[in-house]
Amino acid sequence: MPELPAPDYPAEVRARLEADGKEIIGRYPDSRSALLPLLHLVQAEEGHVTRTGVRFCAELLELTTAEVTAVATFYTMYRRKPSGDYQVGVCTNTLCAVLGGDAIFQALQEHLGVGNTETTDDGKVTLEHIECNAACDFAPVVMVNWEFFDNQTVESAKRLVDDLRAGREVAPTRGAPLCTFQETARVLAGFPDERPGVTEATGSAGPASLIGLRLAKGETGPGRIVSPRTAGYPAEEPPPEHPSSHDSRPSPDHHPSTSPSGTQPTLPSSASDPQHPAGPVSEEGE
């Protein structure tokens with residue numbers, strides 16, 4: 001049987017969402033560009049993108065429901081079924097996985113009695129695995145409504161979901177204080193978070209993410225790269241300054257040629273010795 005058209009929102013809800021939707025559309029030169037934040041807007045209303053939400057977005061942007069559905073089903077941040085107040089995402093990509101992410105995800109499934117993308121009976125927690133939380137320097141990482149909980153263990157992750165279900169206050173490792181998934185969706189739609197002090201609490205990147213910046217500013221000396229060829233080098237004979245394949249000593253039957261400057265001999269390497277062809281060579285550590 002053909003599916004009946006989706007019902008519309010109640011009149012007062014429709015009027016409120018239209019006002020917010022027109023504000024979102026006004027930010028873009030092309031109205032179609034507003035589709036992603038509009039989907040967050042309707043998700044903030046019902047906790048997931050319903051057929052009614054798809055119809056609303058299509059009518060407001062003069063698109064077909066098929067065009068809106070194609071976008072809503074492509075991005076994983078849009079939920080297509082009812083979900084919990086707290087989306088608990090465990091990174092199971094390579095680095096987080098080998099450092100404990102796989103163990104955390106399996107333990108939480110058993111602890112909560114749910115599978116991937118399923119919600120606990122009390123409607124509090126939806127558990128899912130995430131391919132990457134973009135926080136590898138704090139692995140393993142768990143996110144709750146897209147806020148970071150770094151350096152997690154099986155036990156700390158269990159305490160986290162227990163606190164969420166019990167309604168106890170939970171503070172992210174970094175970032176804004178937690179709010180519900182629907183409140184998060186409204187912020188992602190582009191509306192300000194009105195909670196007092198929330199902007200100041202967001203902070204910046206964590207220390208592990210800023211090491212490269214500190215090095216670039218000269219605040220910390222770079223690490224020392226040690227080549228295996230320098231190990232045990234005689235104290236009276238310092239090792240080459242730039243150990244690489246170009247620093248190999250010539251064989252007894254080799255007659256070094258003169259460099260263009262006429263001062264330094266050119267030593268054989270895999271790139272310059274026709275008897276040992278190879279691909280391009282680079283300095284160690286590159």
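Keep in mind that the numbers below use all heavy atoms, side chains included, and drop hydrogens, waters and symmetry copies.
Considering all non-hydrogen atoms of both residues, Arg32 and Leu63 come closest at NH1-CD2, 3.1 Å. Nearest heavy-atom pair across Asn133 and Gly89 is ND2-O, 4.0 Å. Residues Pro177 and Pro172 share a closest heavy-atom pair of CA-CD, 4.3 Å. Closest of all the heavy-atom pairs between Val141 and Phe148 is CG1-CD2, 3.9 Å. Pairing each heavy atom of Cys179 with each of Tyr86, the nearest pair is O-CE2, 3.9 Å. Met77 and Phe181 make their closest contact through O-CZ, 4.2 Å (heavy atoms, listed as atom of the first residue, atom of the second, distance).
Annotation: side-chain hydrogen bond (donor to acceptor under 3.5 Å, both in side chains) contacts of Thr126 (sequence neighbours excluded): Thr119. Scored by the side-chain contact (heavy atoms from CB on, under 4.5 Å) test, Glu155 finds Thr153, Lys158, Arg159 as partners (sequence neighbours excluded). Among residues two or more places apart in sequence or in another chain, the side-chain contact (heavy atoms from CB on, under 4.5 Å) test is passed with Gln106 by Glu110.
Interatomic distance, NE2 of His40 versus OH of Tyr75, reported as 10.0 Å (0.5 Å rounding). Of the inter-residue distances, the one linking Leu38 atom CG with Phe56 atom CZ reads 6.5 Å to the nearest 0.5 angstrom. The CD1 atom of Ile25 lies 4.0 Å from the CG atom of Leu60; values are rounded to the nearest 0.5 Å. Distance CG/Leu41 to SG/Cys57: 7.5 Å, rounded to 0.5 Å. Going from atom CD1 of Ile24 over to atom OG of Ser33 covers 13.0 Å, rounded to the nearest 0.5 Å. Going from atom CZ of Arg174 over to atom CG of Asp150 covers 4.0 Å, rounded to the nearest 0.5 Å.
Glu183 and Arg195 are not joined by a salt bridge, as no carboxylate oxygen comes within less than 4.0 angstrom of a charged side-chain nitrogen.
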Side chains of residues 8-17: which donor-acceptor pairs under 3.5 Å do they make with residues two or more places apart or in other chains?
from	atom 1	to	atom 2	distance (Å)
Asp8	OD1	Arg14	NH1	3.2
Tyr9	OH	Glu46	OE2	3.1
Arg14	NE	Glu18	OE2	2.8
Arg14	NH1	Glu59	OE1	2.9
Arg14	NH2	Glu18	OE2	3.3
Arg14	NH2	Glu59	OE1	3.0
Arg16	NH1	Glu45	OE1	2.9
Arg16	NH2	Glu45	OE1	3.4
Arg16	NH2	Glu45	OE2	3.1

Check: residues 161-170 side-chain donor-acceptor pairs under 3.5 Å, at least two apart:
from	atom 1	to	atom 2	distance (Å)
Asp162	OD1	His111	NE2	2.8
Asp162	OD2	His111	NE2	3.2
Asp163	OD1	Arg168	NE	2.7
Asp163	OD1	Arg168	NH2	3.0
Arg165	NE	Asp122	OD2	3.0
Arg165	NH2	Asp122	OD2	3.3

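No side-chain donor-acceptor contact under 3.5 Å links Gln152 to the backbone of Val90. Formation of a donor-acceptor pair under 3.5 Å by the Asn145 side chain with backbone atoms of Gln87 is found in this model.
Summarising the local packing, CG of Asp30 is surrounded by more than 12 heavy atoms from other residues, nucleotides or ligands at distances under 6.0 Å.
Applying the side-chain hydrogen bond (donor to acceptor under 3.5 Å, both in side chains) test to every pair with at least one member in residues 90-99, sequence neighbours left out, gives these pairs: Thr92-His129.
Within the 4.5 Å cutoff, no side-chain heavy atoms of Thr69 are placed close to those of Thr64. Asp20 is listed as a side-chain neighbour of Phe191, based on a closest heavy-atom distance under 4.5 Å. Taking the side chain as every heavy atom from C-beta outward, Ile130 and Trp146 approach each other to under 4.5 Å.
For His48 and Tyr78, the distance between ring centers is not under 6.0 angstrom.
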